[in-house]
Engineer: 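Below is one structure. I have some questions about it.
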Amino acid sequence: MPRLLKTRFAPSPTGLLHLGNVRTALFNYLLARRENGVFLLRIEDTDAMRGHEKYTEALQADLRWLGLVWSEGPAVGGALGPYLQSERSAIYQRYFAELEANGLAYPCFCSEHELNIARKTALAAGRPPRYSGKCRQLAPEERLARFAAGTPATLRFHVEDGGRVEFEDGVRGSQVFETSEIGDFIIRRSDGTPAFFFCNAIDDALMEVTLVVRGEDHLTNTPRQILLLQALGLPLPAYAHIALVVGADGAPLSKRTGSRSVQELREAGFLARAVNNYLARLGHTYENNQLLGLDALAAEFSARRLHRAPARFDEQHLHHWQHEAVRHASTDELCDWVTPAARALMPERSRDAFLEAVRGNVLFPPDTERWAKVVFGDTLEIAHDAHQAIEDAGKEFFDIARRAIEKHGGDFKALSGMVQHLTGRSGKALFQPLRAALTGALDGPEMARLLPLMGEERARARLIRWSNGAGG
RNA sequence: GACCCCAUCGUCUAGAGGCCUAGGACACCGGCCUUUCACGCCGGCAACACGGGUUCGACUCCCGUUGGGGUCGCCA
């Protein structure tokens, strides 16, 4: 009988969520959703660093913004909580005690400094930088003496040499690791807090997570967690390690290579649907090239369709999905999305028509504001090339244009037709100066849609400005 | 350094031995639409990292080389 699929996202609130993080969250969400399973959120705030509450809140806001709702975790609860690791100390203590009682873990008195030196010497000598196991040999009385002296101690999990750990990775296939390559690792820090390898694995088991989808950076750490879980007799989840996202230069994602936090993307005006569509296709493939909603994204998501090589972040692709998202957004959505200044400029009754007119030509809210100013604003900025086009057309041209607008109002086709007829100009020579004087630019949305929104008075004034002034 | 993972157009990718004259998307270029530009629509350019095998046949399998990524933390 197959267990209900339960995936999880277990971020550490040490900073804002970025593209790589949130992609992992998305994949977990999509998998759970496709199977009607559970998507769980757990906050790994063990080091209790300052500011973590701020980030805990921020990460939940980011997830909600993207629509990646969790059905178990902080804020929504669940039977297997608490879902903040900082509230689970008592649980961890039990397992530490069990491990120690069974002789599977031992206190280590080596100082950080000492360990660093050992690691460096090992590396320099071409040996693997693995813990020597020094404190494992300590006699009981020696341990007692150190404790009595107040020497700080960590707790190490003992990994026996000569074994092997095998598991099936959901995206990489079967994996085999020798235990001799692992070494004893720390599961409790000297300040008593649990280390990542430990609480992460324990919680997955205790919270009944059935599938762990995480970055490839955890692949070679997986055998440690399996060993731990086996030592404790806890159930093992299935694992799937996804390739990491790298920057345009192929190096790990950094601010330098365009990696931005989800918060920054949202503030820049990216639409959640654009981010989701981009991320779901980064290292994964869909037959459908249309903009998809989360449910459609989930329906065709498959771990088998995940590419195993690191994927490069490409801003152009993100922009493509942003363009699609803007194109398909409802006018209500767009109205919420534009800048407050643009919103203030748009008259209620021409709001929808305006948004429909410009949506194909805008990517971000400031772009919309630009057109709102052009269409509804009183002053007009004229770009250099536009100014040139106006001058080239000459004053007589605008005398005629003025008369045309007085006759035809917001009917751009009739207006331009009349100007063509009376000036003999057509094509570029006809439309560019008209567009330049009316909008201050040589490119933009269809004039036939902008002019009626602009209103006859505003348009007329803009044409008169370049004419001989007669009839002002 | 050891171990692990990976390698198809510039980028994201399809491809599970003959369906490949290597398909799609983004970008780019061209055309159409629009009496202008943009939007939209249509089309084009463009890749199997290299070297050995295995096979009647290799993008697909094996080995090596090169390149990239990851892990080996009292970070998660």
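Just so it is clear: chains get the letters A, B, ... in the order the sequence lines come, proteins before strands, and each one is counted from 1.
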Engineer: Just compare rG70(B), rG1(B), rC74(B) and give me whichever is closest to any side-chain atom of L123(A).
Structural biologist: rG1(B)

Engineer: Taking only Lys NZ, Arg NE, NH1 and NH2, and the carboxylate oxygens of Asp or Glu, determine whether E112(A) and R119(A) approach each other closer than 4.0 Å.
Structural biologist: no

Engineer: Looking at Q137(A), I want to see if its CD is surrounded by more than 12 non-hydrogen atoms of other residues, nucleotides or ligands under 6.0 Å.
Structural biologist: yes

Engineer: Checking the side chain of H284(A) only, and the main-chain atoms of S302(A) only, is there a donor and an acceptor separated by less than 3.5 Å?
Structural biologist: yes

Engineer: Below 30° counts as parallel, above 60° as perpendicular, anything between as tilted: where do the rings of F167(A) and F177(A) land?
Structural biologist: parallel

Engineer: Using atom C1' of each nucleotide, how far apart are rC12(B) and rA27(B) to the nearest Å?
Structural biologist: 11 Å

Engineer: What integer number of Å spans the P atoms of rA22(B) and rA46(B)?
Structural biologist: 11 Å

Engineer: Can you work out whether I186(A) or N289(A) has the more 5'-proximal nearest nucleotide on RNA chain B?
Structural biologist: N289(A)

Engineer: Which protein N or O atoms sit under 3.5 Å from an N or O of nucleotides 31-34 of chain B?
Structural biologist:
none

Engineer: Check whether N28(A) reaches the backbone of T7(A) with its side chain - one donor and one acceptor, N or O, closer than 3.5 Å.
Structural biologist: no

Engineer: From the options rC72(B), rC6(B), rA14(B), select the nucleotide whose nearest atom is closest to the side chain of N221(A).
Structural biologist: rC72(B)

Engineer: Measure from the side chain of R172(A), starting at C-beta and using heavy atoms only, and say which of rC5(B), rU35(B), rG69(B) lies closest.
Structural biologist: rC5(B)

Engineer: Considering every strand and a 4.0 Å limit on heavy-atom distances, what is the contact class for P152(A): base, sugar-phosphate, or nothing?
Structural biologist: nothing

Engineer: Which one, rC12(B), rC74(B), rU13(B), comes nearest to the side chain of R312(A)?
Structural biologist: rC12(B)

Engineer: With rounding to whole Å, what would you report as the distance between rG30(B) and rC48(B) at their P atoms?
Structural biologist: 26 Å

Engineer: Using a 4.0 Å heavy-atom cut-off across all strands, classify H218(A) as base, sugar-phosphate, or nothing.
Structural biologist: base

Engineer: Could you check how far CD1 of I242(A) sits from P of rC6(B), rounded to whole Å?
Structural biologist: 15 Å

Engineer: Among the candidates rC74(B), rU35(B), rC26(B), find the nucleotide nearest to the side-chain atoms of H317(A).
Structural biologist: rC26(B)

Engineer: Base, sugar-phosphate, or nothing for R119(A), non-hydrogen atoms under 4.0 angstrom?
Structural biologist: sugar-phosphate

Engineer: Could I get a table of every N or O pair under 3.5 Å where one atom is in the protein and the other is in nucleotides 2-4 of chain B?
Structural biologist:
{"unit_1": "rC3(B)", "atom_1": "O2'", "unit_2": "E181(A)", "atom_2": "OE1", "d": "3.3"}

Engineer: Check whether Y131(A) forms a cation-pi arrangement with R156(A) (NZ or CZ under 6.0 Å from the six-membered ring centre, at most 45° off the ring normal).
Structural biologist: yes

Engineer: Please work out if T154(A) contacts a base, only the sugar-phosphate, or nothing of the nucleic acid, heavy-atom cut-off 4.0 Å.
Structural biologist: base

Engineer: Is a donor-acceptor pair below 3.5 Å formed from side chain Q420(A) to base rU35(B), judging by atom type as modelled?
Structural biologist: yes

Engineer: Please determine, for the side chain of R224(A), which listed nucleotide (rC39(B), rC72(B), rC37(B)) has the closest atom?
Structural biologist: rC72(B)

Engineer: Pick the P atom in rC62(B) and in rU54(B), then give their distance to the nearest Å.
Structural biologist: 15 Å

Engineer: Hey, does P13(A) have a side-chain heavy atom less than 4.5 Å from the side chain of K54(A)?
Structural biologist: no

Engineer: May I ask you to decide if the ring planes of F364(A) and H319(A) are parallel, tilted or perpendicular, using 30° and 60° as cut-offs?
Structural biologist: perpendicular

Engineer: Of the nucleotides rC37(B), rU11(B), rG1(B), which has the atom closest to the R435(A) side chain?
Structural biologist: rC37(B)

Engineer: Is the shortest side-chain N/O distance from H307(A) to OP1 or OP2 of rA14(B) below 4.0 Å?
Structural biologist: yes

Engineer: Work out how far the C1' atom of rG52(B) is from that of rC45(B), and round it to whole angstrom.
Structural biologist: 33 Å

Engineer: Expressed as a whole number of Å, how far does the C1' atom of rC37(B) sit from that of rC32(B)?
Structural biologist: 16 Å

Engineer: Which side chain to side chain donor-acceptor pair (under 3.5 Å) pairs, counting each pair once, include a residue from residues 353-366 of chain A, with sequence neighbours left out?
Structural biologist: E356(A)-R359(A)

Engineer: Is rG40(B) paired to anything, Watson-Crick or G-U wobble with both distances less than 3.5 Å, and if yes, which nucleotide?
Structural biologist: rC32(B)

Engineer: If only atom types and distance count, is the side chain of D204(A) paired as donor or acceptor with the main-chain N or O of P237(A) below 3.5 Å?
Structural biologist: no

Engineer: Say we look at rG10(B) and rG18(B): how far apart would their P atoms be, to the nearest angstrom?
Structural biologist: 26 Å

Engineer: Using the C1' atoms only, state how far rA7(B) lies from rU65(B), rounded to an integer number of Å.
Structural biologist: 13 Å

Engineer: Can you find a side chain N or O atom of R308(A) that sits less than 4.0 Å from OP1 or OP2 on rC6(B)?
Structural biologist: yes

Engineer: For the residue pair R34(A) and F301(A), would you count it as a cation-pi contact if the rule is NZ or CZ under 6.0 angstrom from the ring centre and within 45 degrees of the ring axis?
Structural biologist: no

Engineer: Which of the following nucleotides, rU71(B), rC6(B), rC37(B), is nearest to the side chain of D443(A)?
Structural biologist: rC37(B)

Engineer: Base, sugar-phosphate or nothing for G215(A)? Non-hydrogen atoms, less than 4.0 Å.
Structural biologist: nothing

